[in-house]
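These notes concern the structure reproduced below.
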Amino acid sequence: MTAVIDLRSDTVTKPTPGMRAAMAAAEVGDDVFGDDPTVNLLEARAAEAVGKEAAVFVPSGTMANLVALLTHTNPGDEVILGDQSHIFQYEVGGVARVAGLVTRTLANLPDGTIDPAELRAAIRPETIHSPGSRLLCLENTHNRCAGAALPPAAVGELAEIARRRGLAVHLDGARIFNAAAALGVTAAELAAPCDSVSFCFSKGLGAPVGSVLCGSREFVARARRFRKLLGGGMRQAGVLAAAALYALEHHIERLPEDHKHARRLAEGLATLGPFRPLPPQTNIVVVEALEGRVDDWIAAFAAEGVLAVAFGPGRFRMVTHLDVSRADVDEALTRISRIVGAAH
Ligand SMILES: Cc1ncc(COP(=O)(O)O)c(CN[C@H](C(=O)O)[C@H](C)O)c1O
């Protein structure tokens, strides 16, 4: 049986033996009562990692973003966000259905930012007629912008425009440590201009479950209530928090390895077939298929044990991660080369 090389996402990683040992040994308690020592430690470490006062552990990045939306706004308010953002594209319309918000999307630029002049123009003046512009959401790294890492200055400029007009700023930092590694800055520097930041343990950091939403003590206290409202209050979650703690302690330094593998994958794809990869800054390789249908390519790859996902018109995505070695990248390229050869 050909071993499957799963490049669909960095969400597919499985806990390492060290992580499983930490999970098994975790001290636990009832987290709704605030009694789980491992969750409490994780929340303190996570807040410290991004330079915020407090943090709340949640089951998913989607819930982290939704709790941030609920905590920053009231129903009927307007949130300004990128048209390629995960909140707008992949969170099932929770921003409208659950948070009751008006979404004002601005075009994401290829580097994952939005145009500062467009942002200025989009913020509404307070009038009797209009919904209030209350929140700006940014994303770093930016998933649909090929894992682009937004520099602190770019985030700071947009956050400043928002803050001057009374908006709060939330950063969807699902892969913030990938951005920090790519830019040679700290995650705290990337989060500094933002009122709240979420990040995922379950992506590049390799934990099986979980994300965290960080902000001021007052913000996190209110966010904890919205987590409960959404059914995210967990009990002996220390078993999961132990894996996330292990990930924080052992898997941040290795992220540049995923970025190196992504570059190798992109270079290989560019040479062996009708593919135009967007040059990866981090672990996400978005590829334009210059011939054929994306679904056909994905099916052909899968038949050879290489998994990818469709990612916008004429594009597919491959993501490197903890469970993909350099040998796996080379093997995937060898298999794809055979597929391309057979197709011509
Ligand atoms: C920027 C960003 N913010 C939030 C989330 C949501 O995290 P989860 O809800 O999947 O834990 C994701 C997941 N992204 C997943 C992936 O990339 O495979 C899919 C698309 O949902 C994300 O990329």
Side-chain angles (χ1 to χ4, degrees), residues 6-14 46 50 56-70 79 81-95 98-99 105 108 111-114 137-150 155 170-180 182 187 190-191 194 196-214 227 230-232 234 237 240-241 243-244 247 255 258 262 278 280-287 298 307-312 315-324:
D6 196 344
L7 300 169
R8 289 173 297 172
S9 177
D10 47 7
T11 59
V12 303
T13 55
K14 294 188 172 60
V50 292
V56 56
F57 185 49
V58 290
S60 69
T62 298
M63 186 180 284
N65 285 330
L66 185 52
V67 169
L69 291 165
L70 287 163
V79 55
L81 70 176
D83 63 345
Q84 299 304 313
S85 64
H86 193 274
I87 292 172
F88 187 68
Q89 292 280 354
Y90 291 103
E91 299 182 8
V92 204
V95 57
V98 180
T105 55
N108 272 117
D111 67 0
T113 66
I114 51 181
C137 292
L138 299 172
E139 184 176 316
N140 198 8
T141 64
H142 199 293
N143 191 349
R144 277 180 73 95
C145 291
L150 285 65
V155 174
H170 171 64
L171 179 66
D172 173 356
R175 297 181 179 88
I176 192 170
F177 293 101
N178 292 84
L190 292 172
C194 307
S196 60
V197 55
S198 57
F199 66 85
C200 298
F201 299 108
S202 57
K203 295 186 172 59
L205 297 188
V209 173
S211 289
V212 74
L213 175 60
C214 311
R227 177 187 73 164
L230 295 174
M234 298 175 281
L240 296 174
L255 290 174
D258 293 342
L278 278 64
Q281 262 190 287
T282 55
N283 66 326
I284 293 178
V285 184
V286 174
V287 186
I298 288 175
L307 305 186
V309 293
F311 210 63
R315 292 183 168 187
F316 61 86
R317 182 191 73 170
M318 293 180 166
V319 184
T320 56
H321 52 79
L322 186 60
D323 291 349
V324 172

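For ligands, and for the atoms within them, numbers begin at 1 and follow the listed sequence.
At least one N or O atom of G61, backbone or side chain, sits closer than 3.5 Å to an N or O atom of ligand 1. Annotation: N143 places an N or O atom under 3.5 Å from an N or O atom of ligand 1; distance criterion only. Taking any N or O of E91, backbone or side chain, none lies under 3.5 Å from an N or O belonging to ligand 1. Checking only distances, K203 does come within under 3.5 Å of ligand 1, N or O to N or O. Residue S9 places at least one N or O, backbone or side chain, under 3.5 Å from an N or O of ligand 1. Checked by distance only, ligand 1 and Y90 stay at 3.5 Å or farther apart across all their nitrogen or oxygen atoms.
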Could you go through the side chain to side chain contact (heavy atoms under 4.5 Å, CB included) check for V319 and R8 one step at a time? CA-CA 6 Å; V319 184; R8 289 173 297 172; over 6 Å; no
Run the side chain to side chain donor-acceptor pair (under 3.5 Å) check on E91 and H86 step by step: do they pass? CA-CA 7 Å; E91 299 182 8; H86 193 274; 2.6 Å; yes
Evaluate L213 against S196 for side chain to side chain contact (heavy atoms under 4.5 Å, CB included), listing each step before the verdict. CA-CA 7 Å; L213 175 60; S196 60; 4.1 Å; yes
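A donor-acceptor pair is defined here as one N or O able to donate and one able to accept, closer than 3.5 Å; such a pair exists between the side chain of T282 and the backbone of G147. Of the possible polar contacts, none joining the D172 side chain to the N65 backbone as a donor-acceptor pair under 3.5 Å is found.
N283 places none of its side-chain heavy atoms less than 4.5 Å from the side chain of L255. A 4.5 Å side-chain heavy-atom check between F201 and P208 finds every atom pair outside the cut-off. Within the 4.5 Å cutoff, side-chain heavy atoms of H321 are placed close to those of V12.
Figure legend: R144 and F311 shown as a cation-pi pair, the cationic atom lying under 6.0 angstrom from the six-membered ring centre and within 45 degrees of its axis.
Summary of contacts: the protein heavy atom closest to atom 4 (C) of ligand 1 is H86 ND1, 3.4 Å. Scanning all protein heavy atoms for the shortest distance to atom 3 (N) of ligand 1 gives D172 OD2, 2.7 Å. Among protein heavy atoms, the minimum distance from atom 1 (C) of ligand 1 is reached at E139 OE2, 3.4 Å.
Residue Q89 does not touch ligand 1, judged by heavy-atom distances below 4.0 Å. Contacts between D10 and ligand 1 below 4.0 angstrom, taking non-hydrogen atoms only, are absent altogether. Only the side chain of A174 comes within 4.0 Å of ligand 1, judged by heavy-atom distances.
Heavy atoms of R8 come nearer than 4.0 angstrom to ligand 1 in no pair at all. Within the structure, ligand 1 lacks H142 among the residues with a heavy atom less than 4.0 angstrom away.
The option from T62, V309, V209 that lies nearest to atom 9 (O) of ligand 1, judged by heavy atoms, is T62.
Every atom of ligand 1 with a heavy atom of S60 under 4.0 Å away is listed here by number and element: 9 (O), 11 (O).
Closest heavy-atom contact between F316 and A308: CD1-CB, 4.3 Å.
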